[in-house]
Structure formats: C-alpha cells, structure tokens
Amino acid sequence: MKTQIFIAALFFSGFTFAQEKRSDSVKTQKIEEVVLKKQVFKKQSDRFVYDVAASPVTKGNTTFDLLRQTPLLSTTDDKTLKIVGKNNALIYINGRKTNMDAESVTQFLKNTPAENIQKIEVITVPGSEFQVESSDGIINIILKKKMSDGLNGNMRMSNTQNKYNASSASFSANYRKDKLGISANLSGGENIQAQSYILRNGTDLVKNESTGDIDDPNKNLGGYLNFDYQLNDKSNLALSWNTWANKSYGSTVELLNNLNVYNKDGSLSKTDLTRSSNIENARNYNNSVNLNYELKTDSLGSKLNLNAAYLIYKRFQNSQNRTLVHDTSGSFTQLRQNVIQDLPQIVNNFSSTVDYIKKFKNDFTASVGGNFNTTKTDNDTKNFFKYYDENGKFNSTKPDLNHFIYDEQIYGAYITLEKKFSDKFSGKVGTRYEITKSLGTSEIPNKEMQKFERNYNNLLPYLSLNYTVNDKNNISYAFSSRMRRPSFWELNPVKNILTQDNYTQNNPFVKASSTYNQELTYMFKNSYFLILNHSYFKDVITQVPLQRDIVRDGVTYRQLAYIRTNFGDKQEMSAMLGMNKTFFNQYLTTNFNIGVQHNVNNGTLNTDPTSGQVFDTYINNRKSTSILIQTNNTIRLDKKKTWFLGVNYFFVDKQQIELGMLKNLSSLDVSLKKNWNDWTFALNLTDVLRTNIVEIEDYQANGNYNYVRNDQFRRGGTFSITYNFGNQKVKKVRNIEGASDDIKSRTR
C-alpha cells in the first residue's frame, strides 16, 4: 500500500503417526542440564554466537520471537530487526541468505518454529564474502543437524488481537531417505494493519492539520519446496522453489484536513475543511527458483559452490484518492479532486554466483568468488487527475502517464584471506570489487524520451582482527566499506497521493550511497561486552519533507512533499554495554543492553529533482545524543521446566533523524508459556503500557514546522499452539543461498 512507503520513511494434521520416538525423561533432563552449562553467548572471530539449542526460550516460539530475544538484536515495529547501534539486519540461514523477497521475510520468520535452531550468529561487520549493503549487519541462523532417515515436522496456529483480530497458521515437514532430502513449508494468514495519523505542517500564517485512520487488510500465502540430492560423497545437487503472495483489497485512508490561514496580526483569515478518502486494491506475487551444485574438494572442508537463479516479482496496485468538501447540509459529499492511479511493477532477474573456499592445514583459509545479476523492472504508471468546480461539477481531467523501464547489471568479485596465527590471535582481510551498470528510460506522451544512466565502480576493503587475551578477555576490531543501491520502487518516478496537498515522490535520479563502518569490541567471561561503533554515510538515500505555498482558486495552501533523494552525509557513533547471564540456578535467564548513540546529520535540499519545482529550503544539520536500553528475561516457574514467564522491555531515547526529531519509543512485553509433551501453548502480550507510538517533530529556522504522530496499535495479545511430530532426528536438508538473494532485498 502506498501508505506503507510513507511510514517506511519515518523509520525505521495428519502425520502424527509417522515414526515418532520417545526417550527416557530422566535421561533427557540430564542431557539438558549438561547443555545449559555451555557458554551460551560468546565472541568468535568476526561474530557473536548465541547458542540456543537447549534454551527454554525456543520451544513453542517462532523464529522471530527468538531473534527479538537474542542479545544485540531488537525491533521497535515488530516487523524489522535491527542490530543495536546499527541499521537493519539481513537474515542468513546456515551462512546463506534467505531465498525470499524482502516483504515476506517477516511473515516467514513469524511462521517458522524456533525448535529447529541450534544457534544464532550476529555479524555486526560482515566480511567481503557477504553481499550486503550500507551498514547492514547479518543474523545467521544455524539449524540443528539431525542424522537419521524419516519424516518430521511441526504445525503452528496463532490468533492475535489488537485493534482488529488476526490469525495465521503454518505447516513444515522434513523428509530424508538415503541420499534424498526434501523440506517443505506452507504458511498463511490474514490481518488488518491499522494505523492512526496526526499530521501537521505549515508556518505562522498557513497551518495544515490532517487526522484520521488507515485500515489495510492483508491475506498472505506462501512457502517453499527444496530438493537436495547427494550425488556422491563429495557432491550435492539441490533445487529450491520459493513463493509468496499478498492480497490487499479494500485498503482505506480517511483523513480530515483542516487548513487555517492567518493575517499578519495573528487573526484568523480563512478556514478550509476537506476530507481525503482513499481506497486501494493491491496484490503482489514473488516466485523464484534456484539450482545449486556443491563440490567438496578435500577432507579439510574446502568446497566449490555454484548457483543459478531466476526471480520474478509482480505487483499490481490501483487506487482512488478523493478530496471532498462539505455540501450545504454539512456532509462531505462534494468532490473537489479525484485522482485515479494505476501503479504496477514487474521485476525480472537472472543471477549466478561462484564461491570457492580453500582450507589449508596451517589454519589458513582463502575464499574467492564472484556474482552476476541482470535485472529489468517495468513500471507502467497511469495517473488521472479529475478536477471539479466550487459547486462540485466536473471541470477537467489531467492525465499523468509515465512508462519507466529500468535495466541493471551488476558484476562482483571478492577475495578473503583468514589466518589463525596462534590460539590467541587471528585476522581476516578481504576486498570486494563491484561494477554496476544501469539505464532507466522514461516514456511520457508528447515528450522526448528521458534516459537516466548510472555506472559505478567500487572497491570495498575489509579488515578484522581478533585477540584473545586469556580465557576471560577478548578484544576485536573490524573495518568495512559498503555501498547502498536504491530499491527498485525508490527509482520508479511515481507520486503517491495521501491528501490533495500531501504526497510522496520517488526519484530515478537517486544514486548509490557509500558507508564506512568501524567497530571495536571487548568481551569479558563470554557474558559481558562493550561495543564501540562509528559509521559514516555519504549521499544518504532518504525522503526529505519539503514545503511551499501554492495558490488555488485564490486561496493560499501549504503543500508538503516527501521527496526521495540523496540528502547529504551523516555519522552515527555508539557505545553499548551488554550482558547475557543466568541466575538463581538457571531459574532466570537475562540479556541486557544499555548504551548511548550520537547522530550527526548534514543535509540541505530545496528542489524536487524529478520536476525542478522549488520549495522552501530544508536544512538538517543537527546533532543528537540518545540513550538505548533493552532487556529480555525468561523466568522458569517450575522444576520440571514446563512453565515459563517472559518479561521484555526496550527504550529508545529521542534522536535526530532525516525527518526531524524522533521522540522516545518504549515497549513492555509479557509472555506466558506452557510445554506439554510435544505441545506448546503460549500467550504473548505486546506493548502493555501502550508507549510504542511514533512522533516526529521538526522546526526550521525559516519558520516551517512539520509534525507526525503515527499509532500502529501495537498493544495486543497473541495466543499460539505448536505441535511437533515425527522423528525428531531427521537430518535437515541443506539450506542453499539463492543467486538472486541480494536482488530480493531491493523489491518491496
């Protein structure tokens, strides 16, 4: 839905009989006790490792629930995961990127049970072998390895209540017989994403206020099917298919707009009251297929990995935005403007990757590889602006058509060298070289075709050093340079209408931005850690709020446009103290982070690069220092380890972002869980105190101000039932990185 783009800018059954095996409960308890005494959280080379295999947190939870309770990870919107003090995190499985588009990652994680996870690796500064952008970190999920043939799986059903009711269900199965492994997942659900808005902008003389609600109904259905066949002792061949579909019909936006115009002496001159009534239908489909070949070349672990993939992403969206004024009876039935929009997007991608890892006997590893991507996006946008006179009679139609096609080729190569010099000291150095060639063409009726060409050549070095002082102290340093390419929808020069005078504008002129990251980490007793981080961003890609006065029918109105563009530079510096410990004979498991983040913004803009329209100058050269607190606690309520209470809390202090000052956010979440044989029952209450509401405020030296309050009704409760069936020792199918994975993060 178009409003999701706007919001994004503000942040940030029948197999139970199958081969089930039971074991002696006393023996099982003894094994659990041994596992729980292992080092649960530790630093290894270039990553933090969180061993969750025997943790009570996993059973009955989803993978998303588990990740949000992992040290260093957090979420403020229950959608995107962040590494504390950094930007968004990419999801990897067994060292490979998840083979799905960005929109379905959250739903996938929320429908995947956590019981299958062995450990979670948090890579704050990824090496050259990883295809990541900007300052993104990596969450690498390591699945349990199970060794016997058979069938196993799980089923999960959940129901959520906040403003509206939502439900979801998932079914996963794994089958292995001799050399063949098959894994499959099917999940789906429906919900209504509700939001409430207060929008204010203007000057001392012209003031706008829009208030109202957004209801976005969604139906989701997706899954995957993977085949993995062992050709011989050294090689495997795998075929993977991923699919996801979303249908959002009948999305509505209802906003009451109040314009007040004042005289210079402060007296009220004129009031204009309108209603914006939007309705939208949208659906999108993602399908991808990946062929993988893996060859082990020696007994030390050296291997060759080849991938070829095809991805097609389709989104169809049409909307009607009506601006209504009240008639003689006072009802909002008289049209002033009616905008009909058709905003389709089709993305086709072919990708291939080659990776070779060579291990030597003297603890030396060399990795080399390359990738190729070719992508074509087709965006045939059709807008029709229908205008009406003061009596509500149709006046004229203004078409706004743009067929925008974007072609992009990316060639990449990397080399990484890793050496363990001693039991105490290890290092890793590498570089990635990327060539990007892109061409956008814009066809507008009665106008000469426009071409937007962007070519980049980037050398991206990486360095990581790790020193273990003794069994209690560890120090590491990492440096990385990255670039961020704009998403395909960001490049599509489409205007999304919210009200008659409030819209967002995407931009084909956006160029890639660069990021330079440094991080120093100290860890004590594998339980306490200090992380110092500095990130420098050049040519930041963001939405900038621009305002100007416009005159319509002799009345001065205040227009507010959120323009997608490159907006100067910024720096982020953070210091984070953390702890992961168990207390009271393992009745309490807690992880706690507290830190400070300093943001330095430096950007100026006054012109829409897509149209040349001049607005009032917007300047963001402000600094802010913020406190961040996060604590996740699991309390065991009985000796048999069947009842657990969870208490989680986060607080993010106010901080300066591109759109202004983001006020503090916080959330208290509580959960109760009961394990009973192969069943798990869980009740989760989120945002109990109802404090997780976004507010952004900005005042400019020229007198312009802008205020946004966005309530997404995050307070709610979820009840879930999970059942595990079958032979729980079935070996997992290999999880394969699809060659098109780095492209998928740039779709919606």
For Glu418, salt bridge (charged side-chain N to carboxylate O under 4.0 Å, His left out) partners two or more places apart: none

To the closest 0.5 Å, what do you measure between CG (Leu237) and CD (Glu294)? 11.0 Å

How long is the span from the OG atom in Ser187 to the CG atom in Leu221, to the nearest 0.5 Å? 7.5 Å

So, using side-chain hydrogen bond (donor to acceptor under 3.5 Å, both in side chains) as the criterion, who are the partners of Ser442 when residues are at least two apart? Asn402

In chain order, what residues pass the side chain to side chain contact (heavy atoms under 4.5 Å, CB included) check against Tyr249, with sequence neighbours excluded? Lys247, Asn281, Arg283

Taking it one step at a time, do Glu490 and Asn506 satisfy side chain to side chain donor-acceptor pair (under 3.5 Å)? CA-CA 5 Å; Glu490 291 176 308; Asn506 294 332; over 6 Å; no

Ion pair present between Asp233 and Lys296, side-chain N to carboxylate O less than 4.0 angstrom? no

Assess whether a salt bridge exists between Glu453 and Lys451, defined as any Lys/Arg side-chain N lying under 4.0 Å from an Asp/Glu carboxylate O. no

Pairing donors with acceptors under 3.5 angstrom, does anything connect the side chains of Gln345 and Asn379? yes

Among all residues two or more places apart in sequence or in another chain, which pass the salt bridge (charged side-chain N to carboxylate O under 4.0 Å, His left out) test with Lys419? none

On a heavy-atom basis, the closest approach of Asn371 and Arg432 is OD1-NH1, 3.2 Å

Can you tell me if Ser535 uses its side chain to pair, donor with acceptor, with the backbone of Asn517 under 3.5 Å? no

What's the separation between atom CG in Leu460 and atom OG1 in Thr431, rounded to the nearest 0.5 Å? 6.5 Å

Using a 3.5 Å distance criterion without hydrogens, assess whether the side chain of Glu280 forms a donor-acceptor pair with backbone atoms of Ser248. no

For residues Ser172 and Phe725, report the shortest heavy-atom separation together with the two atoms involved. O-CZ, 4.1 Å

Salt bridge (charged side-chain N to carboxylate O under 4.0 Å, His left out) involving Glu121 - partner list, sequence neighbours excluded: Arg47

Without swapping roles, check the side chain of Asp228 against the backbone of Asn236 for a donor-acceptor pair under 3.5 Å. no

Ile83 CD1 to Ile139 CD1 distance, which is reported to the nearest 0.5 Å: 5.5 Å

Nearest heavy atoms of Ser513 and Asp539, plus distance in Å: CB-O, 2.8 Å

Would you say Ser235's side chain and Leu295's backbone share a donor-acceptor pair under 3.5 angstrom? no

Which residues pass the ring-ring contact (aromatic ring centres under 6.0 Å, His included) test with Phe360, not counting sequence neighbours? Phe364

Do Tyr310 and Ile312 have side chains that get closer than 4.5 Å, going by heavy atoms? yes

When you look at Asp378 and His403, which way does the side-chain contact (heavy atoms from CB on, under 4.5 Å) test go after all the steps? CA-CA 8 Å; Asp378 191 325; His403 190 186; 2.8 Å; yes

Would the distance check show the side chain of Asn507 and the main-chain N or O of Arg564 forming a donor-acceptor pair, the cut-off being under 3.5 Å? yes

I'd like to check the ring-ring contact (aromatic ring centres under 6.0 Å, His included) partners of Tyr433; sequence neighbours left out, ordered by chain and number. none

Can you list the residues that meet the side-chain hydrogen bond (donor to acceptor under 3.5 Å, both in side chains) rule with Tyr516, with sequence neighbours excluded? none

CG (Leu239) and CZ (Phe227) are apart, to the nearest 0.5 Å, by 7.5 Å

So does Pro217 get a backbone contact from the side chain of Asn191, meaning a donor-acceptor N/O pair under 3.5 Å? no

Does one side chain, of Thr124 or Glu519, offer a donor that lies under 3.5 Å from an acceptor on the other? yes

Could you pull out all residues at least two apart from Asp407 that satisfy salt bridge (charged side-chain N to carboxylate O under 4.0 Å, His left out)? none

Less than 4.5 Å apart, side chain to side chain, heavy atoms only: is that true for Ser367 and Thr365? yes

Take Asp342 and Asn318 through the test side chain to side chain donor-acceptor pair (under 3.5 Å) and record every step on the way to the result. CA-CA 4 Å; Asp342 187 15; Asn318 60 77; 5.2 Å; no

Can you name the side chain to side chain contact (heavy atoms under 4.5 Å, CB included) partners of Ala184, sequence neighbours left out? Leu225

Please list, chain by chain and in numerical order, all residues satisfying side-chain hydrogen bond (donor to acceptor under 3.5 Å, both in side chains) with Thr610, sequence neighbours excluded. Asp608

Of all heavy-atom pairs between Met483 and Ala512, which one has the smallest distance, and what is that distance? CE-CB, 3.6 Å

Under 3.5 Å, is there a donor on one side chain and an acceptor on the other for Tyr406 and Glu408? yes

Taking the side chain from Ser438 and the backbone from Arg454, do they hold a donor-acceptor pair closer than 3.5 Å? yes

Which atom names give the shortest non-hydrogen contact between Arg485 and Glu434, and what distance separates them? NH2-OE1, 2.8 Å

Within the 3.5 Å criterion, strictly below it, is a donor on Asn290 or Asn292 matched to an acceptor on the partner's side chain? no

Could you work out, with ring-ring contact (aromatic ring centres under 6.0 Å, His included) as the rule, every residue matching Phe567, not counting sequence neighbours? Tyr618

Pairing donors with acceptors under 3.5 angstrom, does anything connect the side chains of Ser183 and Asn174? no

Describe, in one word, how the ring planes of Phe509 and Phe452 are oriented to each other, choosing from parallel (under 30°), tilted (30 to 60°) and perpendicular (over 60°). perpendicular

Can you measure from CG (Leu73) to CZ (Phe48) and round to the nearest 0.5 angstrom? 11.0 Å

Looking only at heavy atoms, which two atoms of Gln543 and Thr504 are closest? And how far apart? NE2-CB, 3.9 Å

Would the distance check show the side chain of Asn218 and the main-chain N or O of Asp216 forming a donor-acceptor pair, the cut-off being under 3.5 Å? yes

